[in-house]
Participant: 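Once you've had a glance at the structure underneath, I'll fire off some questions.
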Amino acid sequence: MEQKIPQHVAIIMDGNGRWAENRGLPRIEGHKAGVESVKKMIRCCMTKGIPCLSLFAFSSENWSRPAEEVNFLMELFLESLRKELPELNQHGIRLRFTGDRGLLSPVLQKQMQDAELLTVNNAQLILNVVVNYGGKWDLVNAAKKIAKAVLNGELNIDDINETSFAHYLDTSGLPDPDLFIRTSGELRISNFFLWQLAYTELYFTEVHWPDFGEHELELALNAFNKRKRRFGQIS
């Protein structure tokens, strides 16, 4: 049977810190190793013909982590973006960022904007990096935009439906994920894509993110192919 290819895979990249601690290393070494797994996953998705990949890099709740770790993550994000952008662009990857950029440094915000502008016409893969994001924030933010549009006479209240509401989400223009993957054994979605995951197939693995590679993605895709996606209907 021909394998169904999800059009959008969304991943919570969990377990970097635990991976490092299990090896007697500082947590930051796990985050460094996690970047290498990001590269592997991009290559895997391109090989498999998956057109859109969303990676949950930093949640709005992650600010409560120790300041040293948060600062390191932000520096690592900026450094990786600068370093990898030319190759990503060369391979036809379009970069997109989802989340509230207001709390990010002006330098990082500028780098993100430049990356989006540089790659806007690329069509081999959409790489959607989710930074300072929370699903509840996304829904509230969309509601505020809709309320403003109604008040300004730009939107009729009777025209608000699921399709128009999705237009105001921060993921506007992206297909909803077909497959959600969370690594490192946690069995929850942790305030990620609350609207977008309504009919997404969920896949959880004990493997920590730095060890998640081509074989693990293949297992997830095999599980996805065994699911019957009825979307509330009878098969």
Side-chain angles (χ1 to χ4, degrees), residues 4-13 42 45 49-62 77 81 88-89 92-104 108-182 188-202 224 227 229-233:
K4 295 177 295 192
I5 300 298
Q7 296 301 292
H8 183 178
V9 174
I11 304 178
I12 292 183
M13 307 178 291
I42 292 170
C45 285
I50 296 168
C52 184
L53 173 65
S54 286
L55 298 175
F56 201 9
F58 191 87
S59 77
S60 51
E61 288 81 16
N62 286 156
F77 182 33
L81 188 54
L88 293 171
N89 185 46
I93 296 169
R94 179 183 176 185
L95 269 163
R96 179 166 164 166
F97 299 95
T98 294
D100 183 2
R101 305 185 192 189
L103 291 178
L104 306 178
L108 181 52
Q109 290 185 50
K110 177 68 162 56
Q111 186 66 47
M112 291 162 66
Q113 184 181 40
D114 290 348
E116 286 179 324
L117 290 172
L118 177 66
T119 63
V120 68
N121 294 317
N122 292 346
Q124 290 301 309
L125 170 74
I126 296 173
L127 176 60
N128 179 42
V129 183
V130 185
V131 185
N132 193 29
Y133 176 88
K136 290 182 178 180
W137 164 84
D138 199 4
L139 291 169
V140 170
N141 198 46
K144 287 180 177 178
K145 291 178 183 176
I146 289 171
K148 187 176 181 180
V150 171
L151 284 171
N152 291 340
E154 300 163 0
L155 179 66
N156 190 310
I157 197 166
D158 293 326
D159 292 332
I160 300 172
N161 52 36
E162 291 182 13
T163 301
S164 61
F165 189 93
H167 175 72
Y168 290 90
L169 293 169
D170 217 42
T171 50
S172 176
L174 295 178
D176 288 341
D178 298 303
L179 174 62
F180 162 91
I181 299 170
R182 180 165 189 166
R188 54 181 176 268
I189 59 174
S190 295
N191 196 22
F192 177 57
F193 282 0
L194 297 181
W195 173 283
Q196 297 86 342
L197 295 180
Y199 278 103
T200 301
E201 298 299 323
L202 308 181
F224 173 78
R227 310 278 178 91
R229 308 191 72 204
R230 295 188 294 270
F231 300 96
Q233 303 172 17

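FYI, side chains are in, hydrogens and waters are out, and symmetry mates aren't considered; it's all heavy atoms of this structure. Position 1 is the first residue of the sequence; numbering continues from there.
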Participant: Heavy atoms only: give me the nearest Gly99-Trp137 pair and the separation to one decimal.
Facilitator: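 Here Gly99 and Trp137 meet closest at C-CH2, 3.6 Å.
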Participant: Would you call Arg182 and Ile11 a side-chain contact if the rule is heavy atoms closer than 4.5 Å?
Facilitator: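 Contact flag for Arg182/Ile11 side chains = no.
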Participant: Closer than 3.5 angstrom, by distance alone: can the side chain of Arg227 be matched with the main-chain N or O of Leu202 as a donor-acceptor pair?
Facilitator: yes
Participant: Looking at every non-hydrogen atom in both residues, tell me the closest pair between Ile12 and Ile189 and how far apart they are.
Facilitator: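 So the minimum-distance heavy-atom pair works out to CD1-O, 3.4 Å.
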Participant: Give the intermediate values and the outcome of side-chain contact (heavy atoms from CB on, under 4.5 Å) for residues Trp195 and Phe165.
Facilitator: CA-CA 10 Å; Trp195 173 283; Phe165 189 93; 3.5 Å; yes
Participant: State which residues pass side chain to side chain donor-acceptor pair (under 3.5 Å) with Asp176; sequence neighbours excluded, sorted by chain then number.
Facilitator: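 Asp176: no side chain to side chain donor-acceptor pair (under 3.5 Å) contacts found.
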Participant: Salt bridge or not between Glu116 and Arg101? Use side-chain N to carboxylate O under 4.0 Å.
Facilitator: yes
Participant: Can you spot which of Ile126, Leu127, Val9 makes a side-chain contact (heavy atoms from CB on, under 4.5 Å) with Cys52?
Facilitator: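 Answer after filtering Ile126, Leu127, Val9: Ile126.
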Participant: A quick test of your reading: do over 12 heavy atoms of other residues, nucleotides or ligands sit less than 6.0 Å from CG of Leu151?
Facilitator: yes
Participant: Is it true that Arg96 and Ser54 share a donor-acceptor pair across their side chains at a distance under 3.5 Å?
Facilitator: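 Distance-only check fails for Ser54 and Arg96.
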Participant: Work out which heavy atom in Leu104 is nearest to a heavy atom in Gln109; give both atom names and the distance.
Facilitator: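 Heavy-atom minimum between the residues: O-NE2, 2.8 Å.
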Participant: Which pair of non-hydrogen atoms, one from Ala115 and one from Leu81, has the smallest distance, and what is that distance?
Facilitator: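 Shortest heavy-atom contact: CB-CD1, 4.2 Å.
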Participant: What heavy-atom pair brings Ile50 and Ile5 nearest, and what distance separates the two atoms?
Facilitator: CG1-CG2, 3.8 Å
Participant: Less than 3.5 Å apart, any donor N or O on the side chain of Asn141 or Asp170 sitting next to an acceptor on the other?
Facilitator: no
Participant: Under a 4.5 Å cut-off applied to non-hydrogen side-chain atoms, are Leu88 and Thr119 in contact?
Facilitator: no
Participant: Would you check if Val130 and Phe97 make a side-chain contact, meaning some heavy-atom pair closer than 4.5 Å?
Facilitator: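 Heavy-atom side-chain distance check fails, nothing below 4.5 Å.
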Participant: Quick one: pull up CG in Leu53 and CG in Leu179 and give me the separation to the nearest 0.5 Å.
Facilitator: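 Output value for this atom pair is 10.5 Å.
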Participant: In Å and rounded to the nearest 0.5 Å, what is the OG1 to CZ distance from Thr200 to Phe180?
Facilitator: 9.0 Å
Participant: Output every pair passing side chain to side chain donor-acceptor pair (under 3.5 Å) with a member in residues 149-166, not counting sequence neighbours, ordered by first then second residue.
Facilitator: Asn161-Ser164
Participant: Hey, are the side chains of Asn89 and Asn122 touching, using non-hydrogen atoms and a 4.5 Å cut-off?
Facilitator: yes
Participant: With under 30° as parallel and over 60° as perpendicular, where do the rings of Phe192 and Phe56 fit, or are they tilted in between?
Facilitator: parallel
Participant: Please give me the minimum heavy-atom distance between Pro51 and Pro6, naming the atom from each residue.
Facilitator: CD-O, 3.8 Å
Participant: Do the side chains of Leu155 and Tyr168 get nearer than 4.5 Å, heavy atoms only?
Facilitator: yes
Participant: In the structure I gave you, are the side-chain heavy atoms of Phe77 and Met112 within less than 4.5 Å of one another anywhere?
Facilitator: yes
Participant: By the definition side chain to side chain donor-acceptor pair (under 3.5 Å), identify the one residue from Asp138, Asn62, Thr98, Asn191 that meets it with Tyr133.
Facilitator: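 Checked Asp138, Asn62, Thr98, Asn191 against Tyr133; only one passes side chain to side chain donor-acceptor pair (under 3.5 Å): Asp138.
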Participant: Checking Asp178 against Glu201 for the side-chain contact (heavy atoms from CB on, under 4.5 Å) test, could you report, in this order, the C-alpha distance in whole Å, the side-chain angles of both residues, the deciding distance, and whether it holds?
Facilitator: CA-CA 6 Å; Asp178 298 303; Glu201 298 299 323; over 6 Å; no
